[in-house]
Amino acid sequence: MDKKAELHPVLVNLSRLLQQVERVVVLTGAGISHESGIPTFRGPGGLWRNFRPEDLATPQAFARDPHLVWEWYDWRRGLISRAEPHAGHRALVRLEEMVPEFTLITQNVDGLHARAGSRRVLEVHGSIWEVRCTACGLVREDRRVPLPLLPRCQACGGLLRPNVVWFGESLDSGVLEAVHLALKQAQVMLVVGTSAVVQPAASFALWARQSGAKLAEINPDPTPLTSVCDFVLPGKAGEVLPLLVEALAEEA
Ligand code: BV8
Ligand code: ZN
């Protein structure tokens with residue numbers, strides 16, 4: 001049975017609800033980048049030289065061996081620069097056009113949503129395409145692939161770091177405030193391609209639910225969120241999201 005037929009009743013019910021509401025929030029994780037050829041963090045292929053992301057994406061790892069951490073980020077930047085957004089990313093751009101108030105919250109640092117054309121994107125873990133000076137704090141975009149290692153600040157010569165949120169670092173307060181507001185007002189929230197283990201992003205869906213939002217999950221595998229979702233769409237982001245947007249267009 002094909003995916004559309006398999007998911008038909010849930011797709012129809014969810015698209016009917018999306019047709020009736022004004023405010024929709026989407027949370028994405030590494031799973032939506034997987035079909036663009038970027039390994040997820042905890043799935044197969046997520047390791048690099050047998051290091052786990054939790055071992056490298058920390059201030060301690062960077063302090064101990066900035067060259068190793070930058071080699072990992074430079075490798076990822078190269079991979080991402082050769083990756084393309086897929087039909088799932090483009091479906092979210094269509095959804096943003098079809099919904100009166102739409103907010104896309106992403107844990108991903110790869111920038112693929114913006115490249116696909118999404119406009120209202122909150123990058124809660126920062127951007128791999130930005131660097132921040134560890135000495136003077138200057139933040140700027142730097143898309144050089146490969147990067148000269150170790151990259152230095154043009155203004156003061158200080159050591160640059162990726163402008164991402166590492167484990168043990170808090171998320172940007174301004175971004176978090178915008179996230180809180182969107183979640184409080186959300187009527188429907190889609191959770192796409194996240195294992196829902198990294199905090200605080202893993203709690204975003206629960207915050208939205210507390211404010212009355214209906215939850216839908218798109219993921220080939222179950223997660224800790226699956227049991228609290230009103231709609232469960234087992235499948236890949238690149239397959240399911242276009243089907244959902246197609247069903248919504250038929251409802252219109
Ligand atoms: C904070 C940016 C505190 C960098 C990332 C001990 C010490 C210190 C902190 C902690 C600790 N214990 C717990 C914590 C908190 C910690 C945490 O949650 N740890 C986890 C591991 C338990 N969190 C933090 O440290 C956060 N900060 O808590 O601050 C604080 C408070 C006050 C003051 C000071 C400090 C910061 C967390 C942010 C870390 N940075 N990324 C970089 O990218 O290099 S996290 C990283 O994981 C990515 O952003 C990634 O997106 C994110 C979450 O992973 P997922 O996106 O879910 O990806 P994953 O691989 O796990 O899952 C993929 C999913 O996709 C799977 O479900 C799979 O089934 C699915 N999938 C696969 N294919 C597809 C698919 N889905 C759809 N379609 C497909 N085709
Ligand atoms: Zn500087």
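By convention here, the first residue in the shown sequence is residue 1. Order of appearance sets the numbers: ligands from 1, and atoms from 1 within every ligand.
Against a heavy-atom cut-off of under 4.0 Å, S170 is close to the following atoms of ligand 1: 29 (O), 33 (C), 34 (C), 35 (C). Atom numbering of ligand 1 starts at 1 in the shown order; those under 4.0 Å from a heavy atom of E169 are 1 (C), 26 (C), 27 (N), 29 (O), 36 (C).
Here the protein heavy atom with the shortest distance to atom 71 (N) of ligand 1 is G31 CA, 3.5 Å. Among all protein heavy atoms, the one lying closest to atom 72 (C) of ligand 1 is H34 ND1, 3.7 Å. What sits closest to atom 69 (O) of ligand 1 on the protein, heavy atoms only, is N219 OD1, 2.7 Å.
Remark: Q154 CD is loosely packed, at most 12 non-hydrogen atoms of other residues, nucleotides or ligands lying under 6.0 Å away. For Q199, the CD atom sits in a packed shell: over 12 heavy atoms of surrounding residues, nucleotides or ligands are nearer than 6.0 Å.
Residues V175 and I105 have side chains not in contact (no heavy-atom distance under 4.5 Å, counting atoms from C-beta outward).
For the pair W72 (side chain) and L56 (backbone), a donor-acceptor distance under 3.5 Å is absent.
A salt bridge is absent between K4 and D2: the closest approach of a Lys/Arg side-chain nitrogen to an acidic carboxylate oxygen does not fall below 4.0 angstrom. With respect to the salt-bridge test (charged N to carboxylate O, under 4.0 angstrom), the residues E130 and R132 do not qualify.
The shortest N or O to N or O distance between F41 and ligand 1 is below 3.5 Å.
The angle that C133 SG and C136 SG make at the Zn ion (ligand 2), rounded to 10°, works out to 110°.
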